[in-house]
Structures are given as structure tokens and as C-alpha cells.
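As the structure is a prediction and not an experimental result, all values here were calculated from the model.
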Amino acid sequence: MIPTPDLSHLTSSDYEHVYEPAEDTFLLLDALEEHADELKQMAPLTCLEVGSGSGCVSSFIGQILGSSTLYLCTDINTHACRCTRRTGTQNKVPLEVVHTSFAYPFHARLKHSIDIILFNPPYVPTQMEEMSGAQKLRDIEGSWAGGNDGMQVTNKFLELVDDLLSARGRVYLVALKENNIPEIQTRMANRYKLQSTIVLSRRAGREHLSIICFHR
């Protein structure tokens with residue numbers, strides 16, 4: 001088994017502002033481990049995590065792929081950016097961290113060149129006011145408040161995927177049953193010709209979570 005990244009350097013004070021890895025995080029790690037051999041065979045040049053939080057996921061995939069991959073991490077939360085950078089250092093994975101929303105700094109320069117995209121979005125259905133406020137605050141609330149159907153932030157992200165993804169690329173997306181996963185898959189297939197599979201699904205308390213893998 002691939003070990004979970006060392007997060008011993010993060011404190012309770014950090015987790016007041018940054019999402020602490022939980023069931024959804026570990027489901028994504030398990031999905032990446034499930035595909036570890038395939039990902040190694042890809043020998044990806046670039047990996048982008050949107051909303052890197054603690055840096056756990058990017059550090060984990062860094063342990064799978066090694067130093068030949070460029071690891072780009074974005075987050076709207078300055079605390080998360082600092083934690084991601086520290087987690088990369090702690091686990092000897094070189095993470096390039098940018099404080100931004102989504103992948104806009106890379107959108108033009110890296111068009112069709114990202115081999116792996118990782119996103120554990122704010123997928124919890126909430127009032128629109130809560131979602132908007134959380135995004136403006138750029139703090140821990142932004143990691144879960146997803147708007148009426150939990151899809152407001154995810155929908156914006158999905159509009160960028162086709163431009164960013166390389167010809168051989170993959171996207172790993174965390175989604176909640178209430179997000180209407182079949183509709184997401186159908187939309188991405190019809191609009192962008194992206195095929196998809198459910199890598200893993202798991203119930204965590206009241207949440208039924210899945211990892212969707214999109215590819216060309």
C-alpha cells in the first residue's frame with residue numbers, strides 16, 4: 001500500500017482555516033492507488049490539483065509518479081497554499097503552489113497540456129448566499145459550500161477541463177450522489193466527447209461519494 005502523506009506538521013490551528021483530510025480525501029487517494037500502475041505507465045508530465053487544501057492529495061500522487069512530473073496546485077485560500085507547500089516539503093514532493101481560483105494562470109499557457117487534473121470540490125448542497133459568501137471569504141467554508149445542488153463551483157471547473165486536458169489526460173473528480181453523477185457524465189460526453197468511469201464509490205455517514213475519472 002502507498003502510505004498516506006505525513007501531515008504531522010499541520011496543527012489544529014491550521015485546520016481552523018484549511019480542510020482536514022476526511023472520507024472524501026481518502027476515497028480519492030484510494031482511487032489514485034487503484035490506478036497507480038496505469039498512471040505510472042502514462043508517465044505524465046503535468047499534474048494539476050484544483051483546491052489543494054492541505055496538500056495531501058498532490059503529495060500522495062507525487063509518491064506514485066515521482067520527480068519527473070510537474071505538480072501544480074491552486075487554491076483560493078492563502079492558508080491552504082501555505083499548508084500545501086509545507087506538506088510537499090514534509091513529504092519530499094516538489095509542489096508548485098499558486099494562490100488563485102481554478103486554473104486561470106495556466107489556462108492560456110498550458111492549453112491541452114495537463115495530463116492529470118484532480119479536484120475535490122465544494123460539493124455539499126447549500127444556499128446560494130452561503131456558497132457565494134464562502135468563495136468571497138476564501139477560507140475553510142469554501143471547501144464545502146457548493147450552492148443549491150452542490151454543483152455551482154464544479155460546473156465552472158468543468159467548463160475549463162476540455163481546454164486544459166491533454167490528448168491522453170485524465171480528470172479525477174469527487175462527486176456526491178446528490179450532484180446527479182449520471183447527468184455530469186452525460187453532459188461531459190455530449191459537450192466535450194469525454195468518456196468517464198466511476199473508479200470507486202463509498203458511503204461516508206449520510207454522504208454517498210464517488211470518484212469519476214474522465215478521459216478522451
So do the side chains of [X] and [Y] get within less than 4.5 Å of each other, counting heavy atoms only?
X      : Y      : answer
Tyr172 : Val199 : yes
Pro122 : Gln135 : yes
Asp30  : Glu34  : no
Val57  : Ser52  : no
His208 : Ser201 : yes

With a 3.5 Å distance limit and no angle check, can you tell me whether [X] reaches the backbone of [Y] through a side-chain donor-acceptor pair?
X      : Y      : value
Asn179 : Asp149 : yes
Ser143 : Ile140 : yes
His99  : Ile76  : yes
His112 : Asp163 : yes
Glu33  : Ile2   : yes
Thr69  : Pro44  : yes
Gln152 : Gly147 : no
Ser59  : Val93  : no
Arg216 : Asp162 : yes

**Message:** Check Asp24 with Arg202, please: is the shortest side-chain N to carboxylate O separation under 4.0 Å?
**Reply:**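 Result for this pair is no, no salt bridge flagged.
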Which atoms form the tightest heavy-atom contact between [X] and [Y], and what is the distance?
X      : Y      : result
Asn190 : Lys193 : O-NZ, 4.1 Å
Cys56  : Pro21  : CB-CG, 4.0 Å
Leu158 : Met188 : O-CE, 3.8 Å
Asp14  : His9   : OD2-O, 4.1 Å
Ser196 : Phe214 : CB-CD2, 3.5 Å
Leu32  : Leu39  : O-CD1, 4.0 Å

**Request:** Please step through side-chain contact (heavy atoms from CB on, under 4.5 Å) for the pair His79 and Asp139, ending with a clear verdict.
**Result:** CA-CA 8 Å; His79 302 284; Asp139 210 288; 3.9 Å; yes
**Asked** Considering residues at least two apart in sequence or located in another chain, which fulfil the side chain to side chain contact (heavy atoms under 4.5 Å, CB included) criterion with Leu45?
**Response**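 By the side chain to side chain contact (heavy atoms under 4.5 Å, CB included) rule, Leu45 matches Asp115, Arg168.
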Pairwise distance [atom1]([X]) to [atom2]([Y]) - rounded to 0.5 angstrom:
X      : Y      : atom1 : atom2 : answer
Asn91  : Arg86  : CG    : CZ    : 12.0 Å
Met151 : Leu176 : CE    : CG    : 10.5 Å
Glu96  : Arg85  : CD    : CZ    : 8.5 Å
Leu95  : Thr87  : CG    : OG1   : 8.0 Å
Ile212 : Ile184 : CD1   : CD1   : 4.5 Å
Lys40  : Ser68  : NZ    : OG    : 11.5 Å

**Request:** Could you please spell out the steps behind the side-chain contact (heavy atoms from CB on, under 4.5 Å) verdict for Asp75 and Thr84?
**Result:** CA-CA 9 Å; Asp75 207 294; Thr84 293; 5.6 Å; no
Given the rule that I, L, V, M, F, W and Y join up when any side-chain heavy atoms are under 4.5 Å apart, are [X] and [Y] in one cluster?
X      : Y      : result
Leu28  : Tyr123 : yes
Val153 : Trp144 : no
Met131 : Leu137 : no
Met42  : Leu118 : yes
Leu70  : Leu165 : yes

**Asked** Do the ring planes of Phe157 and Phe119 sit parallel (below 30°), tilted (30 to 60°) or perpendicular (above 60°)?
**Response**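 Judged by the thresholds at 30° and 60°, the geometry between Phe157 and Phe119 is tilted.
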**Request:** Check whether more than 12 heavy atoms from other residues, nucleotides or ligands sit under 6.0 Å from atom CD of Gln127, and answer yes or no.
**Result:**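 Counting other residues, nucleotides and ligands, CD of Gln127 stays at 12 neighbours or fewer.
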**Prompt:** Leu10: which other cluster members, linking ILVMFWY side chains closer than 4.5 Å, directly or transitively?
**Reply:**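 Direct or chained contacts put Leu10 with Leu7, Tyr15.
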**Message:** One pair to check against side-chain contact (heavy atoms from CB on, under 4.5 Å): Tyr71 and Ile61. What are the steps and the verdict?
**Reply:** CA-CA 9 Å; Tyr71 302 99; Ile61 198 170; 4.1 Å; yes
**Message:** Between Asn180 and Arg187, do the side chains contain a donor N or O and an acceptor N or O under 3.5 Å apart?
**Reply:**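 Side chains of Arg187 and Asn180: no pair found under 3.5 Å.
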**Request:** Could you walk me through whether Asn77 and Tyr19 pass the side-chain contact (heavy atoms from CB on, under 4.5 Å) test, one step at a time?
**Result:** CA-CA 10 Å; Asn77 181 339; Tyr19 185 72; over 6 Å; no
